[in-house]
Trainee: 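My structure is below; once you've seen it, I'll send some questions.
What you are looking at is a predicted structure, and each value in this text was computed from that prediction instead of being measured.
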Amino acid sequence: MYDVYVKNMADALNIACLCEDDEFLLMSSLQENDVKGPGLNLDDLSEEQFYSFFRFQRKDIPCLCDVLSLSTRFVCPNGTRVSVTEGVLILLRRLSYPNRLDYMKPLFHRSKSELSYISNTVLDCLYHTHSGKFSDLDQSWLNEEHLRLYADAISDIGGPLPNCWGFIDGTVRPICRPSINQKLVYSGHKRVHVLKFQSVVISNGLIANMYGPIEAKRHDSAMLRISELLPKLEQRMTMPDGTVFSLYGDLAYPLRVHLITPFKEAFLNNQEKIFNSRMSKLRSSVKWTFGKILSLFAFVDSKKNQKLFLQPVAKYYLVATLLTTVCMGVVTSEYFNLLPPTLEEYMS
């Protein structure tokens with residue numbers, strides 16, 4: 001399903017975006033025309049510059065490569081070979097900001113075509129290796145003990161719904177207007193061309209399930225049906241003792257045992273109004289996770305860079321979501337006072 005609307009390309013097109021001011025000054029100080037050289041020297045970057053460029057601390061890169069189960073070397077379709085560390089850094093730099101590949105040449109001492117091949121090769125590797133994390137609810141950190149912790153965290157700050165372990169919501173990602181099949185991806189509501197994704201966010205800020213992309217004209221309830229999430233919830237979220245753990249969604253979703261929605265009658269009593277108000281406030285935490293993805297990896301938030309049929313736009317967003325989850329620094333976990341699982345627990 002993920003590959004319905006996406007297609008890899010050999011060479012990335014130039015992207016008309018500017019670098020941040022501090023990054024532009026640093027890149028300008030390098031020899032832009034000198035793409036031949038000893039390669040990337042991480043020692044030339046301060047800790048602040050390193051995090052700004054790659055969204056991870058320098059000391060975390062070896063651990064990141066290890067938990068992502070990457071081989072020691074990437075081999076691109078054109079024969080280019082690159083170490084796993086450099087390959088991951090090139091992809092991180094590509095996703096961290098909508099800069100041109102030209103701006104990356106002096107940093108990595110590689111040509112634009114090499115950078116394109118490398119970033120797409122690493123992207124494909126991460127997608128094919130770890131995309132199952134977003135479709136499979138059979139995870140160690142989704143067992144009954146953890147579900148109870150997630151539900152208690154929501155109840156402890158005023159959540160009136162017992163056994164609610166997370167929230168479901170749809171998100172749209174704007175893309176550049178495609179040359180063909182424009183109507184399929186045009187959202188009349190948003191008045192922009194988009195791809196839609198469905199996400200389940202836990203109270204610790206992690207995305208436990210993501211489905212997409214799907215065409216813009218589909219309603220959230222239709223996306224829920226196509227994703228077949230409800231049968232998975234019925235199978236995984238009903239405990240042997242009869243306890244049922246449920247998600248909470250907005251009025252776009254149907255009311256089910258494992259999916260609770262707001263009261264929707266025309267005239268609500270005070271208790272029903274209070275319930276809707278409290279759960280609506282808690283459900284807004286989903287947006288914080290979506291915002292974290294875009295703030296860390298702004299490349300996926302620039303629709304000029306998201307060219308359907310020319311670039312793997314869905315893979316960009318899914319891998320950026322994976323890397324954001326690995327960062328484990330989401331505001332939601334602080335709001336609910338709940339720590340996410342360790343990196344090793346999440347990737348196990």
Side-chain angles (χ1 to χ4, degrees), residues 1-21 23-24 52-55 90-104 112 115-116 119-120 122-124 126-127 131 134 169-199 201 207 210-220 223 286-325 327:
M1 180 63 190
Y2 293 125
D3 292 322
V4 172
Y5 303 104
V6 298
K7 178 182 178 183
N8 285 317
M9 67 173 184
D11 295 314
L13 301 179
N14 287 336
I15 301 170
C17 296
L18 296 177
C19 284
E20 296 174 349
D21 291 342
E23 295 181 359
F24 179 77
S52 176
F53 275 33
F54 306 112
R55 302 309 191 230
I90 288 175
L91 177 62
L92 290 175
R93 180 59 187 150
R94 178 65 165 154
L95 294 177
S96 64
Y97 199 78
N99 45 228
R100 303 175 184 224
L101 288 171
D102 284 331
Y103 290 137
M104 296 170 58
K112 185 166 64 173
L115 293 171
S116 176
S119 61
N120 281 329
V122 181
L123 181 79
D124 288 340
L126 292 180
Y127 170 78
S131 60
F134 296 136
D169 198 8
T171 182
V172 296
R173 296 307 324 134
I175 61 173
C176 187
R177 185 181 68 179
S179 57
I180 58 176
N181 297 330
Q182 296 180 21
K183 291 184 178 180
L184 289 177
V185 293
Y186 182 75
S187 171
H189 174 63
K190 299 292 184 179
R191 297 186 180 276
V192 68
H193 296 85
V194 301
L195 294 180
K196 296 187 70 173
F197 294 85
Q198 172 185 277
S199 300
V201 180
I207 293 182
M210 177 174 281
Y211 179 81
I214 197 169
E215 60 268 33
K217 65 179 183 180
R218 294 283 189 176
H219 192 266
D220 285 354
M223 187 159 52
V286 174
K287 307 297 183 183
W288 302 340
T289 298
F290 295 158
K292 188 68 174 180
I293 298 171
L294 304 183
S295 65
L296 285 177
F297 301 104
F299 180 84
V300 299
D301 194 32
S302 175
K303 71 176 185 178
K304 289 184 178 181
N305 293 318
Q306 309 304 308
K307 299 172 183 174
L308 203 60
F309 307 117
L310 291 178
Q311 292 175 301
V313 293
K315 289 182 182 178
Y316 284 146
Y317 186 69
L318 290 164
V319 171
T321 300
L322 171 69
L323 294 171
T324 301
T325 304
C327 284

Trainee: Restricting to side chain to side chain donor-acceptor pair (under 3.5 Å), what partner residues turn up for Q306, sequence neighbours left out?
Mentor: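 Checked Q306 against side chain to side chain donor-acceptor pair (under 3.5 Å); zero matches.
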
Trainee: Quick one, V313 and L308 - any side-chain contact, counting heavy atoms below 4.5 Å?
Mentor: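 The answer is yes; the side chains approach within 4.5 Å.
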
Trainee: Can you name the one residue among V172, V185, L184 that meets side chain to side chain contact (heavy atoms under 4.5 Å, CB included) with H193?
Mentor: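 Testing H193 for a side chain to side chain contact (heavy atoms under 4.5 Å, CB included) against V172, V185, L184 leaves exactly one candidate, V185.
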
Trainee: With heavy-atom distances below 4.5 Å as the criterion, would you say the side chains of Q198 and D220 are in contact?
Mentor: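 The answer is no; the side chains never approach within 4.5 Å.
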
Trainee: Indicate yes or no: at least one non-hydrogen side-chain atom of K304 is less than 4.5 angstrom from one of C176.
Mentor: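 Contact flag for K304/C176 side chains = no.
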
Trainee: Using modelled atom types and a 3.5 Å cut-off, is there a donor and acceptor pairing between side-chain atoms of R55 and backbone atoms of S96?
Mentor: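 Checked: pair present.
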
Trainee: With heavy-atom distances below 4.5 Å as the criterion, would you say the side chains of Y317 and I293 are in contact?
Mentor: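 Heavy-atom side-chain distance check passes, below 4.5 Å.
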
Trainee: Please give me the minimum heavy-atom distance between G170 and M223, naming the atom from each residue.
Mentor: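 Looking at all heavy atoms of both residues, the shortest contact is CA-CE, 4.4 Å.
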
Trainee: So do the side chains of V192 and Y186 get within less than 4.5 Å of each other, counting heavy atoms only?
Mentor: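 No, every pair of side-chain atoms sits at 4.5 Å or beyond.
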
Trainee: To the nearest 0.5 Å, tell me how far K112 NZ sits from M104 CE.
Mentor: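 Spacing of NZ (K112) from CE (M104) equals 12.0 Å.
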
Trainee: Could you check if a side-chain atom of V122 sits within less than 4.5 angstrom of a side-chain atom of I90, using non-hydrogen atoms only?
Mentor: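 A side-chain contact is absent here, since even the closest heavy-atom pair is not under 4.5 Å.
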
Trainee: Could you grab the distance from atom OG1 of T321 to atom CZ of F290, nearest 0.5 Å is fine?
Mentor: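 Here the rounded value is 8.5 Å.
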
Trainee: For the residue pair S187 and A216, what are the closest heavy atoms and their distance?
Mentor: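 Minimum heavy-atom separation between S187 and A216: N-CB, 3.9 Å.
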
Trainee: Looking at CG of L296 and OG1 of T324, how far apart are the two atoms once the value is rounded to the nearest 0.5 Å?
Mentor: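 So the gap between those two atoms works out to 5.0 Å.
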
Trainee: Can F197 and L318 be said to form a side chain to side chain contact (heavy atoms under 4.5 Å, CB included), step by step?
Mentor: CA-CA 10 Å; F197 294 85; L318 290 164; 4.2 Å; yes

Trainee: What's the separation between atom CG in L123 and atom CD in Q311, rounded to the nearest 0.5 Å?
Mentor: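 Reported to 0.5 Å precision, the distance equals 10.5 Å.
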
Trainee: Run K287 and T171 through side chain to side chain contact (heavy atoms under 4.5 Å, CB included) and show every step you take.
Mentor: CA-CA 9 Å; K287 307 297 183 183; T171 182; over 6 Å; no

Trainee: Taking atom NZ of K307 and atom CZ of R177, what is their separation to the nearest 0.5 Å?
Mentor: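 Interatomic distance, K307 NZ to R177 CZ, rounded to 0.5 Å: 13.5 Å.
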
Trainee: Quick one: do S116 and L101 satisfy side chain to side chain contact (heavy atoms under 4.5 Å, CB included)? Show the steps, please.
Mentor: CA-CA 8 Å; S116 176; L101 288 171; 4.0 Å; yes

Trainee: Nearest heavy-atom pair of L322 and L126: which atoms, and what distance?
Mentor: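 Nearest pair, atom of L322 first, then L126: CD2-O, 4.5 Å.
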
Trainee: If you look at every heavy atom in L91 and S119, which pair is closest and at what distance?
Mentor: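 Smallest interatomic distance, heavy atoms only, reads CD1-O, 3.6 Å.
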
Trainee: Of the non-hydrogen atoms in K292 and S295, which two are nearest, and what is the gap between them?
Mentor: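 Scanning both residues completely, I find the closest heavy atoms to be O-OG, 3.0 Å.
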
Trainee: For the atom pair CZ (F309) and OG (S179), what is the distance rounded to the nearest 0.5 Å?
Mentor: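 Between F309 CZ and S179 OG, I get 7.0 Å after rounding to 0.5 Å.
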
Trainee: How far apart are the closest heavy atoms of P174 and K303, and which atoms are they?
Mentor: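 Taking P174 first and K303 second, the nearest heavy atoms are O-CB, 3.6 Å.
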
Trainee: Is the distance between the ring centroids of F299 and Y316 less than 6.0 Å?
Mentor: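 For F299 and Y316, the ring centres are under 6.0 Å apart.
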
Trainee: Mind checking whether E215 and L195 have side chains closer than 4.5 Å, heavy atoms only?
Mentor: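 No. Closest side-chain heavy atoms not under 4.5 Å.
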
Trainee: Are N99 and R94 close enough that a side-chain donor and a side-chain acceptor fall under 3.5 Å?
Mentor: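 The criterion, which ignores hydrogens and geometry beyond distance, is not satisfied for R94 and N99.
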
